[in-house]
Amino acid sequence: MMDCKQALSEAKGSVDEAIVLLRKKGVSVAAKKATRVTSEGSVTSYIHAGGKIGVLVEVNCESDFVARTDDFKELVHDIAMHIAASDPKFVRKEDVTPEAYAREKEIYLAQAVASGKPQHIAEKMVEGKMAKFYEEVCLYEQPFIKDQTISISQLIATKIGKLGENISVRRFARFKVGEQNWTIAQTKSPAGEEAKQ
């Protein structure tokens with residue numbers, strides 16, 4: 001409550017500017033908490049389209065107390081619903097396999113060169129296309145389906161600011177009836193975390 005009053009005061013009464021200030025504060029709080037270990041949380045399922053698409057997702061936080069809050073449960077549900085709708089292949093950019101990265105980069109470079117662009121311009125075009133590639137396949141980079149103005153990583157950062165604990169998506173699986181393949185994604189363990197497991 002005090003944060004809201006302070007943001008309104010800083011924004012000179014403008015509610016829109018106060019919201020922006022609160023969102024920025026949430027991101028800065030999230031950055032400070034990003035190194036803290038998340039060993040609690042929950043696994044949630046989401047079934048969509050009359051039982052045709054199903055998702056299991058594990059979202060971690062620092063304490064069992066936060067894992068039981070309505071805010072955390074709402075976040076986990078929203079993430080599961082987002083995964084069902086947008087079918088990401090990886091959790092974060094860092095989780096993209098070198099093979100998948102190289103394959104996409106090669107395709108984009110070949111397309112740019114085939115269009116007659118000089119090599120240095122083609123390489124610049126590839127950089128832009130790779131950013132779009134990450135947005136399409138990485139959960140954290142995707143625009144949130146309920147609010148396209150923020151990404152999933154920004155949604156999580158907002159909750160971190162509100163709940164005061166680090167929160168991260170550890171892994172998920174997405175199944176769709178009739179599809180031969182399914183998506184299973186997991187984050188790479190941060191440095192030093194292997195020893196704690």
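Please read these numbers as outputs of a predicted model, since none were measured by experiment.
- Side-chain atoms of Glu58 and Ser42 form no donor-acceptor pair, as typed in the model, at a separation below 3.5 Å.
- Side-chain contact between Asn60 and Glu40 is absent, with no heavy-atom pair separated by less than 4.5 Å.
- Under the 4.5 Å side-chain heavy-atom criterion for Ile, Leu, Val, Met, Phe, Trp and Tyr, Ile145 and Ile79 are members of the same hydrophobic cluster.
- Within the 4.5 Å cutoff, the side chain of Ile83 has no heavy atoms near those of the Asp87 side chain.
- Side-chain contact between Tyr46 and Ile53 is absent, with no heavy-atom pair separated by less than 4.5 Å.
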Fill in: Test log, rule side-chain contact (heavy atoms from CB on, under 4.5 Å), inputs Phe175 and Val55
CA-CA 6 Å; Phe175 305 91; Val55 171; over 6 Å; no
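- Interatomic distance, Cys61 SG to Arg68 CZ, rounded to the nearest 0.5 Å: 10.0 Å.
- Contact check for Phe144 versus Gln154: no side-chain heavy atoms found under the 4.5 Å cut-off.
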Worksheet item: Glu165 and Ser63: side-chain hydrogen bond (donor to acceptor under 3.5 Å, both in side chains), yes or no, with the steps?
Response: CA-CA 8 Å; Glu165 286 192 7; Ser63 70; 2.5 Å; yes
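- Cluster membership for Met125 and Val113, using ILVMFWY side-chain heavy atoms within less than 4.5 angstrom, is not shared.
- There is no path of hydrophobic side-chain contacts, each under 4.5 Å, that joins Val96 to Val169.
- Two residues are said to be in side-chain contact when any heavy atoms from C-beta on lie closer than 4.5 Å; Phe172 and Val91 meet this criterion.
- Remark: Glu62 CD to Leu163 CG distance equals 10.5 Å, nearest 0.5 Å.
- Thr158 OG1 to Ile160 CD1: the interatomic distance, rounded to the nearest 0.5 Å, is 9.0 Å.
- None of Asp95, Ile156, Thr187 except one satisfies the side-chain contact (heavy atoms from CB on, under 4.5 Å) rule with Tyr140; the exception is Ile156.
- Contact record, Glu141 with Tyr134: CB-O, 3.6 Å, taken as the closest heavy-atom pair.
- Using a 4.5 Å cut-off between side-chain heavy atoms of Ile, Leu, Val, Met, Phe, Trp and Tyr, with links allowed through other members, Ile107 and Ile121 fall into different hydrophobic clusters.
- Between Val59 and Val57, some side-chain heavy-atom pair lies under the 4.5 Å cut-off.
- In this structure, the side chains of Phe90 and Leu139 stay at 4.5 Å or more apart for every pair of heavy atoms.
- Residues Gln142 and Ser151 have side chains not in contact (no heavy-atom distance under 4.5 Å, counting atoms from C-beta outward).
- In terms of heavy-atom proximity, Val66 sits nearest to Phe72 at O-CB, 3.2 Å.
- Residues Ala112 and Ala122 approach most closely at CB-CB, 3.6 Å, considering heavy atoms.
- Crowding of Glu106 atom CD: a count of heavy atoms from other residues, nucleotides or ligands under 6.0 Å not exceeding 12.
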Fill in: CA sep, side-chain torsions, deciding dist, call: Lys117, Lys124, side-chain contact (heavy atoms from CB on, under 4.5 Å)
CA-CA 10 Å; Lys117 303 290 185 206; Lys124 291 278 188 201; over 6 Å; no
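- Counting heavy-atom neighbours within 6.0 Å of Lys89 NZ, excluding the residue itself, gives a total above 12.
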Discussion item. Between His48 and Met81, does the side-chain contact (heavy atoms from CB on, under 4.5 Å) criterion hold? Intermediate values first, please.
Written reply: CA-CA 8 Å; His48 189 72; Met81 184 174 52; 5.7 Å; no
Practice prompt. List the steps and the verdict of salt bridge (Lys or Arg N to Asp or Glu O under 4.0 Å) for Asp71 and Lys73.
Written response: CA-CA 6 Å; Asp71 282 325; Lys73 290 176 185 175; over 6 Å; no
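- Here the straight-line distance linking atom CD of Glu135 with atom CE of Met130 works out to 13.0 Å at 0.5 Å rounding.
- Counting all heavy atoms, side chain and backbone alike, Phe133 lies closest to Glu104 at CE1-CG, 3.1 Å.
- Between Leu75 and the choices Thr44, Leu155, Asp70, the side-chain contact (heavy atoms from CB on, under 4.5 Å) rule is met once, by Leu155.
- Rounded to the nearest 0.5 Å, atoms CZ (Arg92) and OG (Ser153) are 11.5 Å apart.
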